[in-house]
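Working notes, structure below.
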Number of protein chains: 2
Amino acid sequence: MVGRIEKLAKIFKVLGDYNRLGIVMVISKASRTVTEIINATGMSQTLVSFHLRVLRKAEVVTTRREGPFIYYSLTNPSLMDILNDLSHIINTAGSEMEKILEK
Amino acid sequence: MVGRIEKLAKIFKVLGDYNRLGIVMVISKASRTVTEIINATGMSQTLVSFHLRVLRKAEVVTTRREGPFIYYSLTNPSLMDILNDLSHIINTAGSEMEKILEK
DNA sequence: ATATCATATGAGTAGTTACTCATATGTATC
DNA sequence: GATACATATGAGTAACTACTCATATGATAT
């Protein structure tokens with residue numbers, strides 16, 4: 001059995017990558033095909049597939065096949081609320097975090 | 001200037017480590033000295049200091065000196081709310097995430 | 001000023017991670 | 001079946017990260 005903190009750390013590790021977070025943002029409003037993600041992010045096909053595999057393994061995203069296309073979407077859409085919350089406390093004016101993170 | 005996603009990714013990267021998350025938990029209720037953190041986590045002095053440096057640099061924690069002791073606390077206590085939220089959606093019964101994260 | 005306790009730091013290393021390349025698989029169309 | 005499009009995968013590599021060791025700094029008391 002895996003503890004709470006360990007689970008949390010794993011999720012954070014998965015989300016702690018610029019490209020992966022970008023993908024999460026792209027599919028947050030609606031599910032998207034891999035090609036759509038490629039176009040939206042500007043990443044290479046292989047790189048997108050690489051990160052999707054990580055996101056899939058961590059069950060952050062789920063897939064649904066439709067003909068030749070595979071649609072990716074967030075397993076739990078409320079993840080976006082949390083991202084917004086965190087983004088908010090980071091960007092709050094006067095926050096100690098702000099200055100350091102600027103560089 | 002650093003974008004929103006980049007900032008978020010950095011915070012996630014910092015929190016995406018078991019030991020670091022443990023430290024954050026330990027100081028979440030009240031500020032603690034390094035020695036207290038060492039005892040609470042069972043980590044070595046050097047390892048605790050190593051991780052505290054990372055947390056400090058990312059401004060996740062702040063310090064206050066009191067005589068020979070240095071007290072560490074969360075820069076933004078509402079971070080804990082977010083950790084709890086995330087932990088909740090991860091552990092929600094029936095969540096797709098649950099099974100994978102168990103191993 | 002020396003000894004002791006509390007904490008930080010620089011350097012080295014083993015393990016991990018992000019990325020790319022080449023290739024494979026799956027689906028649809030001809 | 002051959003071709004074209006959509007996506008995944010295995011292997012290799014360079015860069016990064018967590019950790020340890022030895023040592024340094026800072027504060028207090030004697």
Side-chain angles (χ1 to χ4, degrees), chain A residues 2-3 5-6 8-27 30-73 100 103, chain B residues 2 5-6 8-27 30-73 100-101 103:
Chain A
V2 174
I5 300 186
E6 203 165 336
L8 262 181
K10 275 184 189 175
I11 291 285
F12 279 131
K13 189 162 283 180
V14 168
L15 295 177
D17 178 88
Y18 177 78
N19 287 328
R20 243 150 21 219
L21 251 191
I23 293 175
V24 167
M25 301 307 226
V26 166
I27 67 176
S31 59
R32 300 259 175 239
T33 69
V34 177
T35 303
E36 285 173 332
I37 296 172
I38 292 169
N39 293 332
T41 60
M43 302 166 53
S44 73
Q45 184 267 314
T46 325
L47 186 54
V48 167
S49 260
F50 170 81
H51 284 304
L52 285 176
R53 172 163 33 173
V54 178
L55 290 166
R56 243 186 295 132
K57 197 179 160 213
E59 290 278 350
V60 171
V61 303
T62 26
T63 62
R64 145 189 131 243
R65 176 146 229 153
E66 214 161 288
F69 304 103
I70 298 181
Y71 284 85
Y72 278 81
S73 53
I100 298 289
K103 55 182 173 199
Chain B
V2 173
I5 301 187
E6 204 166 334
L8 262 182
K10 276 186 189 172
I11 291 284
F12 279 131
K13 191 162 282 181
V14 168
L15 295 176
D17 178 87
Y18 178 79
N19 286 327
R20 235 140 41 207
L21 252 191
I23 292 176
V24 166
M25 300 308 225
V26 166
I27 68 176
S31 60
R32 301 256 177 243
T33 70
V34 177
T35 304
E36 285 173 332
I37 297 171
I38 292 169
N39 293 332
T41 59
M43 302 165 52
S44 74
Q45 185 267 314
T46 322
L47 186 54
V48 168
S49 260
F50 171 81
H51 284 305
L52 285 176
R53 173 163 32 172
V54 178
L55 289 166
R56 242 186 296 131
K57 197 179 159 214
E59 291 278 351
V60 171
V61 303
T62 25
T63 61
R64 142 190 131 242
R65 177 146 229 153
E66 214 161 287
F69 304 102
I70 298 181
Y71 284 84
Y72 278 81
S73 53
I100 297 290
L101 286 169
K103 54 179 175 204

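All chains are named by letter (A, B, ...) in the order of the sequence lines, taking the proteins before the strands, and each is independently numbered beginning at 1.
Counting to the nearest Å, the C1' atom of D:dC5 and the CD1 atom of A:Ile38 are 12 Å from each other. One atom, CZ of A:Phe69, and another, P of D:dC5, lie 12 Å apart when rounded to the nearest Å. The separation between A:Arg64 atom CZ and D:dT7 atom P is 12 Å, rounded to whole Å. Residue A:Phe12 contributes atom CZ, which lies 18 Å from atom C1' of D:dT17 at whole-angstrom precision. Following rounding to the nearest Å, A:Arg53 (CZ) and C:dA24 (C1') show an atom-to-atom distance of 12 Å. The distance between atom NZ of B:Lys57 and atom P of C:dG10, rounded to the nearest whole Å, is 12 Å. For the pair B:Ile70 CD1 and C:dC5 P, the computed distance is 18 Å after rounding to whole Å. Regarding A:Asp17, its CG atom lies at a distance of 13 Å from the C1' atom of D:dA15, rounded to whole Å.
Under a 3.5 Å cut-off, the side chain of A:Arg65 and the backbone N or O of A:Gly67 do form a donor-acceptor pair.
Contact between the side-chain N/O atoms of A:Arg56 and the OP1/OP2 oxygens of D:dT9 is found at a separation under 4.0 Å. For the pair A:His51 and C:dT17, the criterion of a side-chain N or O lying under 4.0 Å from OP1 or OP2 is not met. At least one side-chain nitrogen or oxygen of A:Thr35 sits closer than 4.0 Å to the OP1 or OP2 atom of D:dT7.
Contact annotation: the side chain of A:Ser73 never approaches that of A:Val61 to less than 4.5 Å [non-hydrogen atoms, C-beta and beyond]. In this structure the side chain of A:Tyr72 reaches within 4.5 angstrom of the side chain of A:Ile37, judged on heavy atoms.
Residues A:Glu36 and A:Thr33 come closest through the heavy atom pair OE1-N, 2.8 Å. Closest heavy-atom contact between B:Ala58 and B:Val14: CB-CG2, 3.6 Å.
Listed by chain and number, the residues in a salt bridge (charged side-chain N to carboxylate O under 4.0 Å, His left out) with A:Arg64 are A:Glu66 (sequence neighbours excluded). Evaluation of the ring pair (Phe, Tyr, Trp, His ring centres under 6.0 Å) rule for B:Phe50 yields no partner, not counting sequence neighbours. Every residue two or more places apart in sequence or in another chain that forms a side-chain contact (heavy atoms from CB on, under 4.5 Å) with B:Thr46 is listed here: B:Ser44.
The residue B:Tyr72 sits close only to the backbone: its heavy atoms come under 4.0 Å of sugar-phosphate atoms, none of a base. Here B:Tyr71 lies out of heavy-atom contact (under 4.0 Å) with every strand.
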Could you write nucleotides 20-30 of chain D as a row of B, S and -, 5' to 3', where a protein heavy atom under 4.0 Å of any base atom gives B, of only sugar-phosphate atoms gives S, and otherwise -? SBB----SS--
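Two end axes, each from the C1' atoms of five base pairs, can be drawn for the helix from C:dA1-D:dT30 to C:dC30-D:dG1; they diverge by 10°, to 10 degrees.
Screening residues 11-27 of chain A for side chain to side chain donor-acceptor pair (under 3.5 Å) gives A:Arg20-A:His51 as the qualifying pairs, with residues at least two apart or on separate chains.
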